[in-house]
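One structure is given below, encoded as C-alpha cells.
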Amino acid sequence: MDFKDAILLLHPVIVIVIVFPLMGLIANRGLQVRQRRMQLAAGDKSKVPPVVGQEHVQTGHWLTAAVVGATLIALANDIFGTVVSSQLWSKNPFQVTLIGLLFVATIASLALLYRAHQVRWRATFAILTGMGLVILGCQDGVYRKTDQWYSSHYYYGIVASLLMIFSLSIVQSIYKDRTQRWRMVHVVISSVVALLFIGQAITGTRALLEVPLSWQEPYIQKLYEQQCDTKPCTVQPTPQTP
Ligand code: HEM
Ligand code: HEM
C-alpha cells in the first residue's frame with residue numbers, strides 16, 4: 001500500500017473510529033434528554049440524571065468537529081490529489097494558494113462558531129463554514145456523481161455536514177425557546193442526519209470499492225481508454241471525474 005492509499009483511508013478510519021461511535025452516544029443521550037423532559041412535564045420524577053443534557057451537547061460539539069473534519073480530509077485528498085496529478089501548482093499557483101486559504105478559512109470559521117455567543121455571529125460563522133464546504137466541494141477532483149445525486153456519497157456527506165453545523169449554531173435557541181419549536185426543528189434535523197449517516201456507511205463502503213489502489217490506476221486508465229473509444233464506458237476513469 002502506497003502513502004497515497006494510506007491517506008485515502010484516513011477519512012473512512014476517522015468516520016468509523018470517531019464519528020459513528022459518537023453518533024450512537026449522542027442519540028442515546030438525546031433520547032434520555034427527551035425522556036427526562038417528558039417525565040418532568042407530566043409531573044413525574046425522572047430517574048434520568050440532569051447531566052445528560054450537558055453530556056449530549058458536549059458530544060454534539062465533538063461530533064460536529066469530527067464530521068466536518070472528516071469531510072474536509074476527504075475533500076483535501078480529492079482536490080490536492082488532482083492538483084498533483086494535473087501539475088496545477090506549476091500552471092496556476094494562485095488557484096492552488098486560494099484553495100489552501102479556503103481550507104484555512106473554513107476551519108477558522110468553525111473554530112469561531114464554537115466561540116461565538118450572539119445569534120448573529122453564530123449565524124455568520126455557520127454560514128461561512130457551510131459556504132467553505134460547498135465551495136471546496138465544487139473544486140476539480142471531487143467525486144460528486146451529480147448524475148446519480150440520489151445515491152451520491154458526496155451530496156449526502158455535504159448535506160449531513162451542513163445540518164451538523166446548523167445544529168451547533170442553534171444550541172442557544174433550543175434552550176431559550178419556550179415554545180419548544182427549535183427543539184422540534186432540532187429533533188427533525190437530527191433524525192435526517194441519522195438517516196444520512198446510514199446512507200454514508202453504505203455509499204462510503206461502495207466508494208472504497210470504486211477508488212482503485214495506486215498500482216491499479218494505470219491498468220484501469222488503460223481499460224477506460226480502450227473501452228470508451230469504441231462503446232459506452234463501464235469502468236471508472238482515473239483520476240476520478242465529477
Ligand atoms: C445527529 C445527532 C443528534 C441527535 C440524534 C440528537 C437528538 C436530540 C434529542 C432527541 C433531543 C431531545 C429533544 C427533546 O427534549 O424533545 C436533543 C436535545 C438537544 N440537542 Fe441534540 N441531537 C443530535 C445532535 C446535536 C448536536 C450536534 C447538538 C449541538 C451541539 C445538539 C444540541 C442539543 C441541545 C442543546 C438539546 C437540548 C438539551 C437539553 O434540553 O438539555 N444535538 N437532541
Ligand atoms: C459521516 C459520514 C461520512 C461523511 C460526512 C463523508 C463525507 C465524504 C465526502 C464529502 C467525500 C468527498 C466526496 C467524494 O469523494 O465522494 C467523501 C469521500 C469518501 N468517503 Fe466518505 N463520508 C462519510 C463516511 C464514510 C464511510 C463510512 C466510508 C467507508 C467505509 C467512506 C469512504 C469514503 C471514500 C473511500 C471516499 C473517497 C475519498 C477520495 O476519493 O479521496 N466515507 N466522504
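Read the numbers this way: they start at 1 and go in the same order the structure lists the ligands and their atoms.
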TODO: Go through ligand 1 atom by atom and flag the ones less than 4.0 Å from a non-hydrogen atom of Thr64.
DONE: 27 (C)
- [ ] With 2.8 Å as the limit, jot down which protein N, O or S atoms are around atom 21 (Fe) of ligand 1.
- [x] His56 NE2, His186 NE2
Open item on the list: Between ligand 1 and Met184, can you find any atom pair, the residue atom being a heavy atom, that is separated by under 4.0 Å?
Closed with: no
Open item on the list: If I consider every N, O or S atom in His153, which one ends up closest to atom 21 (Fe) of ligand 2? I only need its name.
Closed with: NE2
Task: Location of contacts on Met164 toward ligand 1, heavy atoms closer than 4.0 Å - done: side chain
- [ ] Provide the number and element of each atom of ligand 1 under 4.0 Å from a heavy atom of Met23.
- [x] 1 (C), 2 (C)
TODO: Check the pair Ile7 / Phe80 against side-chain contact (heavy atoms from CB on, under 4.5 Å), numbers first and verdict last.
DONE: CA-CA 11 Å; Ile7 294 285; Phe80 290 112; over 6 Å; no
- [ ] For Gly53, counting its heavy atoms only, list the atoms of ligand 1 lying under 4.0 Å from any of them.
- [x] 41 (O)
- [ ] Heavy-atom distances under 4.0 Å are what count here, so tell me which part of Leu8 touches ligand 2: side chain, backbone, both or neither.
- [x] side chain
Open item on the list: Distance alone, cut at 3.5 Å: any donor-acceptor contact between the side chains of Tyr154 and Thr146?
Closed with: no
TODO: Could you list the atoms of ligand 2 found under 4.0 angstrom from a heavy atom of Ala207?
DONE: 34 (C), 35 (C)
TODO: Could you pull out, from Thr71, Val19, Ile18, Asp78, the option with a heavy atom nearest to atom 5 (C) of ligand 2?
DONE: Thr71
Open item on the list: Which label fits His56 and His186: parallel for a plane angle under 30°, tilted from 30 to 60°, or perpendicular past 60°?
Closed with: perpendicular
- [ ] Establish, from distance only, whether the side-chain atoms of Ser214 and Asp5 form a donor-acceptor pair under 3.5 Å.
- [x] yes
TODO: Could you tell me whether His11 and ligand 2 have an N or O pair separated by under 3.5 Å?
DONE: yes
TODO: With heavy atoms of Val15 as the reference, note each atom of ligand 2 found under 4.0 Å away.
DONE: 2 (C), 23 (C), 24 (C), 27 (C)
- [ ] Would you please say whether a donor-acceptor pair under 3.5 Å links the side chains of Thr129 and Thr106?
- [x] no
TODO: Just let me know how Lys145 lines up against ligand 2, side chain, backbone, both or neither, with a heavy-atom cut-off below 4.0 Å.
DONE: neither
Open item on the list: Nearest 0.5 angstrom please: Arg181 CZ to Ser173 OG, how far?
Closed with: 13.0 Å
TODO: Output the list of atoms in ligand 1 that are nearer than 4.0 Å to some heavy atom of His61, sorted by atom number.
DONE: 30 (C)
- [ ] Using heavy-atom distances, let me know which of Phe197, Tyr143, Tyr155 sits nearest atom 16 (O) of ligand 2.
- [x] Tyr143
Task: Interatomic distance, Leu162 atom CG to Leu196 atom CG [nearest 0.5 angstrom] - done: 10.5 Å
- [ ] For the pair Phe125 and Trp121, name the ring-plane relationship: parallel under 30°, tilted 30 to 60°, perpendicular over 60°.
- [x] parallel
Task: Considering all heavy atoms, the nearest Ser161-Leu133 contact - done: CB-CD1, 3.7 Å
Task: Beyond-backbone contact of Asp140 with Ile79, side-chain heavy atoms, under 4.5 angstrom - done: no
Task: Under 3.5 Å: N/O of Asn77 near N/O of ligand 2 - done: yes
Open item on the list: Only heavy atoms of Phe20, strictly under 4.0 Å: list the atoms of ligand 2 that pass.
Closed with: 27 (C)
Task: Inter-residue atom distance His61.NE2 - Met164.CE, 0.5 Å rounding - done: 10.5 Å
Task: For Val171, atoms of ligand 1 separated by under 4.0 Å from a heavy atom - done: 29 (C), 30 (C), 35 (C)
Open item on the list: Name the residue from Arg37, Gln39, Arg36 that meets the side-chain hydrogen bond (donor to acceptor under 3.5 Å, both in side chains) definition with Ser46.
Closed with: Gln39
Task: Reported CG-to-CZ distance for the pair Leu136 and Phe103, which is rounded to 0.5 angstrom - done: 4.5 Å
- [ ] Find all atoms of ligand 1 within a distance of less than 4.0 Å from any non-hydrogen atom belonging to Arg37, and give their numbers and elements.
- [x] 14 (C), 15 (O), 16 (O)
Open item on the list: Is any side-chain heavy atom of Leu88 closer than 4.5 Å to one of Thr82?
Closed with: no
Task: Among Val15, Ile14, Val13, side chain to side chain contact (heavy atoms under 4.5 Å, CB included) partner for His11 - done: Val15
Open item on the list: Nearest 0.5 angstrom please: Trp62 CH2 to Leu25 CG, how far?
Closed with: 13.0 Å
Open item on the list: Taking only non-hydrogen atoms of Tyr175, do any sit less than 4.0 angstrom from ligand 1?
Closed with: yes
Task: Under 3.5 Å: N/O of Arg34 near N/O of ligand 1 - done: yes
